[in-house]
Each structure stands twice: as structure tokens, then as C-alpha cells.
Amino acid sequence: MNGADIAWVLVATALVLLMTPALAFFYGGLVRSKNALNTMMMSVVSLGFVGVAWALLGYSLAFAPGSAVIGGLSHAFLRGVGLEGNAAAPTIPHLLFMAFQGTFAIITAALISGAVVERKRFSAYVAFITLWSLLVYAPVAHWVWGGGFLGKLGALDFAGGTVVHINAGVAAFVAAMLLGPRKDYARQATLPHHVPFVLLGAGLLWFGWFGFNGGSALAANGPAALAFVNTFLAPMGTLVAWTLLDISRNGKATAVGAATAIVVGLVAVTPAAGFVSPMSALVLGTVAAFPSYFAILWRARTRLDDSLDVVAAHGLGGTVGALLTGVFAEKAWNGTVDGLLFGNPRQLLVQALAVLVTMAFSAAGTYVLLKLVNVVIPIKVGSRDEGLGLDVSQHGEEAYTSGEGAILVLPGAARAVATPLASAEPAPEGGRA
């Protein structure tokens, strides 16, 4: 045991856990006010259901000794997970390693919600992310980090480019396609109702991401410092490039664009954080702005209602980051492997293979799980509930009221009725001009 390592990973675990409520603010500010609570709850609920699933079974499937494809059941219900070290992190308690990895499972599942907001039935969503964390996330985590075939092949993923972002981005694409667009999509503007929430969420995500990437060194050491600084620099490059793209396109630098740029930069540097030099991280972040920026513009002209652009930000951003890790990896900084620019073109091919395998498995697994859940619970709400807003139809609450009372949703009724104490009308929709 090493006291400094334990202290750092304790802090990093708390930082990564904070990222899920931060995601709730980021996503919650981007939707219309009648869906704000529902959107935030889609992130918050992952803390419970995915967290419990991870402790009971997910951790074992991801990190217990097993085959090249899936872990065994030796750590189910946290059997054998105590205060001793383990092979992956010998200087910190095994129990702490489990908790740290659990925070990754929680936020990965929550990321998918951004593609299905304002129209997915909440109970079906909870069932889906719980199953997805066990049957899609855990196997991919095992392949890359738990002794599986991608890790043995030499795939580099310091903190989750494939395991987290590509995995969630592809799942988001499949979910958006199966669910179909919102009834108002492409018919009327669906503007963000609270842009300050978006900026707050992005800032808290960046703060938490220092634990996400820096903590993935699993020790207070040089690789942790490298990952920390690269997490500091890469989003700065993305933010500069994105702002200049915004200004060149319409003469204005938007706040939502700035927040999105920060997230894209963080996503892109995640797989590379402990493998590339600081200057390479800055270049990587700058380059990552371009494909995600233009993908968002393109998506808006299609019928793909990826409501909050999870595919462009996480799927594409993670893909760019994973591939560029195979370009910029530098043995002088990471001590183990070089990339294409430093004489090892094979690493780029390995990275590409890891990306393709993750995409294919996530797409197939997500499709099957959504179809199975839909047999039991319809995954999409009715048009009447969608028009009323999912805050009321799914939770019986409103984010904003004008009176002192709360709304009362009568069983079987498709309308909100004010209590006798005070009328409660939703706040007017807001957004950018």
C-alpha cells in the first residue's frame, strides 16, 4: 500500500462521481423547460441503478479473471474484493479500485441519454441502462482494461476513448435511430432553456475530468501528472478552434458552442492522456474540434434526432482521440510505446481495430437490448405525454413554477392540475436568440 496513491485515487473517485451530476446540468440546460427534470434524472438515476449493478455483477464481468472475452464470476457480489491490492493496482486497496472503475460505468451509461431526451419512457430507460452496463459496457471494459484480447493486442486507451466514449456514442446512435425523432423535430425550434446550466455543467465536467484521466494512472506518479496536464491543455485547443469556427461561420461565438468544445476536447484526449506529450495533446485537442463541429452541422440537416449530439461529441470525438493516440503516442513520455509519428505505424492499425470492434459490438448489443426492453416496456412515450412534457408525465414534477404550490398529476389523466393552494404554470420556454 502507498498512502499517496490511495489519497489521490480517493480524490479522483469523488471527482469522477461528480461528473454524473455535472452531466445532468449540461444536458438539462440544453432541453426545453418542460423536460429539464426528466433529462437531469436520466443522469442522476444512473448513480443508483448502474452503481448497484456494478457492485453486484458488473465489476466481476469486467475485471475478474476469465477469458479473453469476458471476466468470470469470482468477484460477483464483491467476493474477494477487500483492502489488499490487486494486479491492476497493487498500491491501492482492491475495494477502492472497484469504486473508481464503477464511476466510469455510471457516467458511460448516462451519456447515452443525450440522444433520447424528451421522448424516452423513463422506466424503459432505467431498465435499458442497467442491462447495458452489464452486457455491453462490462465486456468492452474487460477487453481493454481487464485482461481481454484488445489489451493483449496492444490497444491504447488510457481512460476510456473506446470503453466509454465510442461505446456510449454508438449506443446513442442506435437508440436515436430506433426511437425515432421527437414529434416537433424539424418542425419548430427546440432551443436550450437554460444556457448557464450548460456552462456550469461543462465547467464541472472539466473539473471532474482531472480525476477521470489523472486518476486512471491509479497512482500519484508521473503518468498521473502527464494525464492531468494533457487534460488541462487539450480542451483549451478545442475551445480556441471551435470559437474561431463559430465566428467565421456566423460572426458570433456562442456559449453553447464553447461548452460543447470543452467536452469534445476532453473526450478526445481521454484515450491519449497518459501516452502523448503535452504539445501533442494540445494539437490533438485542436484537431478534434473540426470533425465534431461539422458533424453537428451536418446532423442538424438530417432526420437523425440525436438530440444533444452525443454521436458527434462522444462517438466521433472518441474515435478521433483513439486514432490520434496511435499517431502521437511517444515512448519518451509514456515509457512503453511509440505511435505513427515516432516510427510505429502498427499502433495506428491496432487503434483502428479496437475502434471498429467496439463500434460493432456496442451497436449490436444496444439494438438487441432495446428491442428486448421494448417487448416488456414501450420505450417511447405517447405523443400526448411528449407534448405535455416528460417532467410531468414521467415524474409528476415541474422544474419551474410561478406559484407556491406544486402541480398534481391525477392518475390516468393526461393533464396537470394545480393544487387548491396556488396555480402552478410552467415558466416560459427560453433559449438563445
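Below, each value reflects all heavy atoms present in this structure, side chains not excepted, and no hydrogens, waters or symmetry copies. Count residues from 1 along the sequence.
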Review point. What do the steps show when you test Tyr400 against His193 for ring pair (Phe, Tyr, Trp, His ring centres under 6.0 Å), and what is the final call?
Key: CA-CA 11 Å; Tyr400 309 100; His193 90 282; 5.3 Å; yes
Review point. Between Asp184 and Arg32, is a salt bridge (Lys or Arg N to Asp or Glu O under 4.0 Å) present by the stated rule, with each step listed?
Key: CA-CA 12 Å; Asp184 296 329; Arg32 292 171 288 183; 3.1 Å; yes
Just by distance, do the side chain of [X] and the backbone of [Y] share a donor-acceptor pair under 3.5 Å?
| X | Y | value |
| --- | --- | --- |
| Asp157 | Gly161 | yes |
| Arg121 | Ile379 | no |
| Asn213 | Ala273 | no |
| Asn334 | Val337 | yes |
| Asn230 | Val276 | yes |
| Ser362 | Met359 | no |
| Gln347 | Gly154 | yes |
| Glu398 | Val392 | no |
| Arg303 | Gly180 | no |
| Ser248 | Leu245 | yes |

Practice item. Might you work through the side-chain contact (heavy atoms from CB on, under 4.5 Å) test for Val373 and Tyr125, ending with a clear yes or no? Key: CA-CA 9 Å; Val373 170; Tyr125 168 78; over 6 Å; no
Revision key, fill the gap. Sequence neighbours excluded, the answer for ring pair (Phe, Tyr, Trp, His ring centres under 6.0 Å) partners of Phe361 is Trp143
Check your understanding: Excluding sequence neighbours, so at least two apart, what forms ring pair (Phe, Tyr, Trp, His ring centres under 6.0 Å) with His165?
Key -> Trp209, His314
Using side-chain heavy atoms (C-beta onward) and a distance below 4.5 Å, is [X] in contact with [Y]?
| X | Y | result |
| --- | --- | --- |
| Leu218 | Phe97 | yes |
| Tyr185 | Ser307 | no |
| Phe25 | Met40 | yes |
| Thr238 | Ile262 | no |
| Asp385 | Leu390 | no |

Practice item. Would you please test Leu308 and Val117 for side-chain contact (heavy atoms from CB on, under 4.5 Å) and show each step? Key: CA-CA 8 Å; Leu308 307 183; Val117 294; 4.0 Å; yes
Between [X] and [Y], do the side chains contain an N or O donor and an N or O acceptor separated by less than 3.5 Å?
| X | Y | result |
| --- | --- | --- |
| Ser133 | Trp54 | no |
| Tyr293 | Arg249 | yes |
| Arg384 | Ser393 | no |
| Asn35 | Glu118 | yes |

Point to revise | Pair Arg299 + Asp309, salt bridge at N-O below 4.0 Å | key: yes
Review point. Thinking salt bridges, do Asp391 and Lys34 make one under a 4.0 Å N-O criterion?
Key: no
**Study point:** Candidate pair Leu304 and Met177, rule side-chain contact (heavy atoms from CB on, under 4.5 Å), full reasoning
**Key:** CA-CA 7 Å; Leu304 175 64; Met177 290 291 291; 3.7 Å; yes
Which side-chain N or O atoms in residues 56-66 pair as donor and acceptor under 3.5 Å with protein atoms at least two apart or in another chain?
from  : atom 1 : to    : atom 2 : distance (Å)
Tyr59 : OH     : His94 : NE2    : 2.6
Ser60 : OG     : Gly72 : O      : 2.6
Ser60 : OG     : His75 : N      : 3.1
Ser60 : OG     : Ala76 : N      : 3.3

Point to revise | Working for side-chain contact (heavy atoms from CB on, under 4.5 Å), residues Phe294 and Trp298 | key: CA-CA 6 Å; Phe294 290 106; Trp298 172 81; over 6 Å; no
**Study point:** Qualifying residue, where the test is ring pair (Phe, Tyr, Trp, His ring centres under 6.0 Å) with Phe212 and the options are Trp206, Phe104, Phe207
**Key:** Phe104
Point to revise | Chi angles and distances behind the side chain to side chain donor-acceptor pair (under 3.5 Å) call for Trp242, Thr260 | key: CA-CA 9 Å; Trp242 201 287; Thr260 304; 5.7 Å; no
